[in-house]
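We number each residue from 1, following the sequence as shown.
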Amino acid sequence: MEMTWEFILRIFVAALLGGAIGLEREYRSKEAGMRTHFLVALGSALFMIVSAYGFEGALGTPEHRWDVSRVAAQVVSGIGFIGAGTIIFHKSENVVRGLTTAAGLWVTAAIGLACGGGMYILSAAATFLVLVGLEAFNFFLHKLDKHRSAS
């Protein structure tokens, strides 16, 4: 029963961290917002927990252990599929849109996997870096655009 509360904490933390990234994306009116990032992080954490602990006793002997990395690898593949759906090439403008959103979903899935593995500090640090990176780059890009238009 004690592990159940730990698992619940893991998915809650994952959902909150994913939601924080999604909130920034929602604020910027991007393709994938709070709900999407929330669900990606939550689902990734749940997959990690099920992969690591969901099959205990299935082989009947304690010395056998499932390879938990197999499910994590499939999460990465699945997120690649979702991320690809956010990337659009506009032929008329010769520009690609949605790459940052796809990368955001990818890193959000990684944060969810880390939370599912109980790595809270790493997950929080990664979320902080994602948010700082998104905001800092946005700030500097706007400054650069203003500098170009003034020239």
How does the hydrophobic cluster around [X] look, that is, which other residues are in it when side-chain heavy atoms under 4.5 Å mark a link?
X      : value
Phe140 : Phe139
Ile121 : none
Leu122 : Met119

Can you tell me how far apart [atom1] ([X]) and [atom2] ([Y]) are? Round to the nearest 0.5 Å.
X     : Y      : atom1 : atom2 : answer
Leu16 : Cys115 : CG    : SG    : 9.0 Å
Glu6  : Tyr53  : CD    : OH    : 8.0 Å
Thr4  : Ile49  : OG1   : CD1   : 10.0 Å
Ile21 : Ile111 : CD1   : CD1   : 3.5 Å
Met3  : Ile8   : CE    : CD1   : 11.5 Å

Can you list the residues that meet the side chain to side chain contact (heavy atoms under 4.5 Å, CB included) rule with [X], with sequence neighbours excluded?
X      : answer
Phe128 : Val132
Leu42  : Ile11, Ala15, Phe38
Leu129 : none

Mind checking whether [X] and [Y] sit in one hydrophobic cluster, side chains of I, L, V, M, F, W, Y counted as touching below 4.5 Å?
X     : Y     : result
Ile87 : Val40 : no
Trp5  : Phe12 : yes
Leu17 : Leu46 : no
Ile79 : Met48 : yes

Any pair counted as salt bridge (charged side-chain N to carboxylate O under 4.0 Å, His left out), so long as it reaches [range], sequence neighbours left out:
range            : answer
residues 94-107  : Glu93-Arg97
residues 107-131 : none
residues 114-133 : none

- Message: The criterion is ring-ring contact (aromatic ring centres under 6.0 Å, His included); which residues satisfy it with Phe47, sequence neighbours excluded?
- Response: none
Identify each donor-acceptor pair in which a side-chain atom of residues 100-108 lies under 3.5 Å from a protein atom, sequence neighbours left out, and give them as a table.
residue : atom : partner : partner atom : Å
Thr101  : OG1  : Glu31   : OE1          : 3.0
Thr108  : OG1  : Gly104  : O            : 2.6

- Task: For Glu24 and Leu131, indicate whether the former's side chain and the latter's backbone hold a donor-acceptor pair under 3.5 Å.
- Result: no
- Query: Do Arg25 side-chain atoms and Gly33 backbone N/O form a donor-acceptor pair below 3.5 Å?
  - Reply: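 Pair absent, no side-chain N/O of Arg25 close to backbone of Gly33.
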- Query: With respect to Ser44, which candidate in Val76, Leu39, Val75 satisfies the side chain to side chain contact (heavy atoms under 4.5 Å, CB included) definition?
  - Reply: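 Testing each of Val76, Leu39, Val75 against Ser44, the sole residue satisfying side chain to side chain contact (heavy atoms under 4.5 Å, CB included) is Val75.
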- Item | Partner residues of Glu135 under the salt bridge (Lys or Arg N to Asp or Glu O under 4.0 Å) criterion, sequence neighbours left out |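 Arg28.
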- Message: In the structure I gave you, are the side-chain heavy atoms of Lys30 and Thr86 within less than 4.5 Å of one another anywhere?
- Response: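 No. Closest side-chain heavy atoms not under 4.5 Å.
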